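Notes to accompany the following structure.
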2 protein chains.
Amino acid sequence: MTLSARPTLSQVADLAGVSVASVSRVLNGLPASREMTTRVRAAVDSLGYTPDARARSLKVGRTEQLVLVVPDVGNPVYTGLMRAVAAVVKDAGYRLLLSTGNSEVAEEIAILDGLSSGYADGVIISPLRMTEPILQALQRLRHPAVVIGTPPAAVPLDAVQADSAAGVQLAMQHLVDTDRHRIAFVNGPVDTVPGTARQRGFDRADERLLAGAGRRYAAAAFTVDAGRDIAERVLDDRPDAVLCANDLLAFGVMRVAHSRGIRVPDDLAVVGIDDTDLAAVVSPGLTSVNLGSGERGAAAARLLLARIADPDRPAERVVVDPWLTVRESSTPAREGDR
Amino acid sequence: MTLSARPTLSQVADLAGVSVASVSRVLNGLPASREMTTRVRAAVDSLGYTPDARARSLKVGRTEQLVLVVPDVGNPVYTGLMRAVAAVVKDAGYRLLLSTGNSEVAEEIAILDGLSSGYADGVIISPLRMTEPILQALQRLRHPAVVIGTPPAAVPLDAVQADSAAGVQLAMQHLVDTDRHRIAFVNGPVDTVPGTARQRGFDRADERLLAGAGRRYAAAAFTVDAGRDIAERVLDDRPDAVLCANDLLAFGVMRVAHSRGIRVPDDLAVVGIDDTDLAAVVSPGLTSVNLGSGERGAAAARLLLARIADPDRPAERVVVDPWLTVRESSTPAREGDR
DNA sequence: AACGTTCTTGTAAACGACTACAGCGGCAAG
DNA sequence: CTTGCCGCTGTAGTCGTTTACAAGAACGTT
């Protein structure tokens with residue numbers, strides 16, 4: 001089975017009684033006589049010939065493969081991204097390699113450096129932390145690369161970024177509009193890309209809307225468990241709304257609220273960020289800021305394809321606007337309650 | 001940047017003043033004098049040389065890449081699988097290509113057939129439906145392949161399968177043990193791999209434990225929305241427990257229960273299948289049958305690696321035992337309630 | 001001193017496809 | 001009947017590695 005040798009160009013050529021060059025030309029749509037075309041086609045069909053991707057990529061210098069690097073394949077935060085990238089990449093006729101850095105900077109760097117063996121034509125990376133080593137790895141990369149995140153403005157990299165600050169502002173405005181004023185902000189680690197951006201967004205919105213009265217908390221990680229841990233402290237402070245830096249944290253908070261008998265949304269509004277698939281699944285549905293992860297993935301893929309097509313184009317930054325998906329977790333407290 | 005030519009073996013050889021063969025030998029750990037080794041190493045370092053994966057794979061006939069085909073990249077049902085496969089594959093030094101058939105048989109077949117171009121060394125596929133065309137595509141494949149699912153016993157394929165029937169039995173036993181007797185079974189489409197297996201499992205368990213009194217429902221798809229749609233009808237029949245063929249359906253049911261004021265688990269126990277990450281996230285936490293998707297993914301990856309190492313080994317089938325993760329959605333109705 | 005080992009190293013031929021170049025026939029213009 | 005052009009096809013070199021083979025060096029044995 002695995003042993004049977006695949007037919008090669010020259011076998012097709014022999015069978016058709018023509019040269020390998022002619023076969024190659026027919027297959028690549030270069031000019032050839034009608035007679036030639038039909039003979040080659042026949043031989044190709046009868047042998048079940050398929051060009052060898054390995055040989056082809058050696059010769060033409062392209063692999064038709066792109067890499068997507070995410071911190072964690074299984075994290076719902078990245079599934080929207082993955083789906084969108086996969087779709088765009090596939091439509092463009094490329095294959096998609098999925099690499100996970102396991103949330104380790106060293107692994108992410110190893111992946112970027114490994115690309116120098118030329119196994120793919122370009123890379124999209126969504127680094128968890130935008131550290132100096134990552135930026136250096138990106139800059140010594142000889143391949144087209146697109147970053148999902150916000151590298152320093154001075155670095156000439158194609159990048160797609162969310163507008164976290166605007167997203168946080170959206171959520172805060174919504175909470176204030178629905179008459180919530182004791183708003184707690186539960187962030188994850190501040191030394192991460194999303195952590196800093198969301199913190200800055202909250203600080204600004206807090207200043208503007210609450211005159212700086214909002215309370216801030218930092219969970220140990222962007223996970224449900226971390227959300228649960230911090231929720232104990234947060235809920236002790238009796239807020240009427242909690243804005244979480246991502247959906248997972250929000251779920252953690254909702255669970256603790258549930259077990260304490262705090263009703264959502266009646267007693268407490270909860271809002272998340274990322275609008276993962278899960279937000280629509282839980283009861284009550286979680287209001288969440290959609291940072292356009294699908295849009296960002298698609299945009300990143302398109303930027304990468306554009307750069308591959310023209311390596312000399314100037315670096316471009318795309319900012320995707322967020323929107324708010326309102327679900328039950330933040331609808332106004334029902335009349336007659338209380 | 002992209003333009004600068006990568007150094008090649010012969011450039012390294014020139015710089016070191018030795019032949020390309022020697023460089024290749026040093027790099028591949030074949031015997032070489034100490035002197036030779038140090039000279040080559042120095043030249044490699046000073047040029048920043050990395051072997052070209054394309055040329056290498058042409059010559060050695062391997063790509064060091066494996067493909068994983070799943071119906072939908074973003075579906076939480078597959079994330080455990082993906083994570084496990086990614087980990088095993090990476091540890092073995094292979095890269096992972098992720099392909100999605102978009103839940104279309106035709107696309108899955110196209111991916112399998114496309115493999116004949118040799119862009120990867122093997123494939124793991126988790127087909128949504130185990131149809132004849134898929135089986136044929138698998139059999140004409142010249143590459144090692146492992147199926148996650150249950151192909152007909154007569155077909156000599158490496159496969160990893162869940163024991164859905166045992167899983168359903170586990171769930172049913174748990175419900176009966178916790179004093180639930182009006183049990184409804186909400187399946188997805190029966191013409192799918194999971195659909196048939198779970199239906200069979202329920203029929204058997206129903207016979208054994210409820211003397212055939214269980215009611216059966218079939219949702220239009222394995223999704224939250226389909227679960228929500230069918231739940232209206234299911235709940236009208238006033239069961240005291242609902243066993244759903246996957247977690248997403250269960251979430252749909254829980255939402256409708258929530259909106260109707262039916263308390264889970266007090267009035268209604270809900271159990272899902274797949275034990276996705278989401279099950280631990282929702283409130284109340286969803287009791288779910290874990291069919292060992294991580295274990296299956298890891299097993300599939302190992303089977304594939306074993307077959308690549310020895311193409312002549314007999315086809316092997318691995319069955320992964322399920323277990324039940326009990327969460328709040330099915331804990332006994334509280335004392336003093338009602 | 002001649003010979004056989006053993007160990008290193010270099011030469012050159014692959015792997016399978018693409019493509020620059022040259023060769024060939026046919027045809028129209030002179 | 002040349003000449004020139006054009007369109008098609010084949011020859012052969014190339015992409016960057018790996019590896020079979022052979023040549024050469026170093027050494028011990030007789």
Side-chain angles (χ1 to χ4, degrees), chain A residues 2-41 43-44 47-65 115-121 142-143, chain B residues 2-41 43-44 47-65 115-121 142-143:
Chain A
T2 314
L3 311 163
S4 70
R6 306 183 334 92
T8 70
L9 243 205
S10 68
Q11 289 179 35
V12 174
D14 287 352
L15 180 61
V18 301
S19 75
V20 291
S22 297
V23 178
S24 176
R25 273 188 290 258
V26 169
L27 262 35
N28 293 356
L30 297 174
S33 67
R34 167 180 304 276
E35 151 83 359
M36 172 66 73
T37 306
T38 57
R39 300 186 61 163
V40 170
R41 284 268 136 72
V44 164
L47 288 176
Y49 169 80
T50 322
D52 186 310
R54 298 180 292 259
R56 185 162 209 291
S57 65
L58 169 58
K59 181 61 191 176
V60 304
R62 277 173 292 119
T63 57
E64 317 275 64
Q65 298 185 157
L115 202 63
S116 69
S117 72
Y119 68 81
D121 302 338
R142 300 162 124 94
H143 291 259
Chain B
T2 314
L3 310 162
S4 69
R6 305 184 336 94
T8 70
L9 245 205
S10 69
Q11 289 179 34
V12 175
D14 286 352
L15 180 61
V18 301
S19 75
V20 292
S22 297
V23 178
S24 175
R25 274 188 290 257
V26 169
L27 262 36
N28 293 353
L30 296 174
S33 68
R34 166 179 304 276
E35 151 84 357
M36 172 66 71
T37 306
T38 57
R39 300 186 62 164
V40 170
R41 283 269 134 74
V44 164
L47 288 177
Y49 169 80
T50 322
D52 185 311
R54 299 180 292 259
R56 185 161 210 291
S57 64
L58 169 59
K59 183 61 191 176
V60 304
R62 278 173 292 119
T63 57
E64 317 274 64
Q65 298 186 156
L115 202 64
S116 68
S117 73
Y119 67 82
D121 302 339
R142 300 161 122 94
H143 290 259

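A, B, ... follow the sequence lines: proteins, then strands. Residue 1 opens every chain. Computed from a prediction, not measured in an experiment: that's the story for all the values here.
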| query | Taking B/Y49 as the fixed residue, which of B/V23, B/L15, B/L27 is the one that meets the side chain to side chain contact (heavy atoms under 4.5 Å, CB included) rule? | reply |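 Of all the options given, the one that passes is B/L27.
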Over how many whole Å does the gap from [X] atom [atom1] to [N] atom [atom2] extend?
X	N	atom1	atom2	result
A/E35	C/dG25	CD	P	17 Å
B/Y119	C/dC15	OH	C1'	21 Å
A/D52	C/dA14	CG	P	18 Å
A/L58	C/dC18	CG	C1'	10 Å
B/R54	C/dC18	CZ	C1'	14 Å
B/D14	D/dT17	CG	P	13 Å

Which nucleotide, [options], lies nearest any side-chain atom of [X]?
X	options	result
A/L9	D/dG16, C/dG10, C/dA17	C/dA17
A/S33	D/dC15, D/dC8, D/dT17	D/dC8
A/A21	D/dT11, C/dA17, D/dT17	D/dT11
B/S22	D/dT11, C/dT9, D/dT17	C/dT9
B/A32	C/dT9, D/dG10, D/dG16	C/dT9
A/M36	D/dG10, D/dC8, C/dC15	D/dG10

| Under 4.0 Å between a side-chain N/O of B/R56 and OP1 or OP2 of D/dT18, yes or no? |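 It does, given that an N or O in the side chain of B/R56 lies less than 4.0 Å from OP1 or OP2 of D/dT18.
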| According to a strict under-4.0 Å criterion, is B/S19 in side-chain N/O contact with OP1 or OP2 of C/dG10? |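 Answer yes for this pair, as a side-chain N or O of B/S19 is under 4.0 Å from OP1 or OP2.
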| Just checking A/R25: base, sugar-phosphate only, or nothing, at a heavy-atom cut-off of under 4.0 Å? |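 The answer is base, as A/R25 lies within the cut-off (heavy atoms under 4.0 Å) of a base atom.
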| request: Using a 4.0 Å heavy-atom cut-off across all strands, classify B/S24 as base, sugar-phosphate, or nothing. | output: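 Answer is base: heavy atoms of B/S24 come under 4.0 Å of a base.
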Approximate separation, where rounding is to 0.5 Å, of [X] [atom1] and [Y] [atom2]:
X	Y	atom1	atom2	answer
B/D14	B/L9	CG	CG	10.5 Å
A/S24	A/R56	OG	CZ	8.0 Å
A/L47	A/Q11	CG	CD	6.5 Å

| request: Heavy atoms only: give me the nearest B/A16-B/R39 pair and the separation to one decimal. | output: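 Answer, listing the atom of B/A16 first, then B/R39: O-NH2, 2.7 Å.
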| query | Is a donor-acceptor contact shorter than 3.5 angstrom present between the side chain of A/K59 and the base of C/dT19? | reply |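 In this structure, the two groups form no donor-acceptor pair.
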| said: Quick check on DNA chain C: between B/A55 and B/P31, whose nearest nucleotide comes earlier from the 5' end? | reply: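 Looking at DNA chain C, the more 5' nearest nucleotide goes with B/P31.
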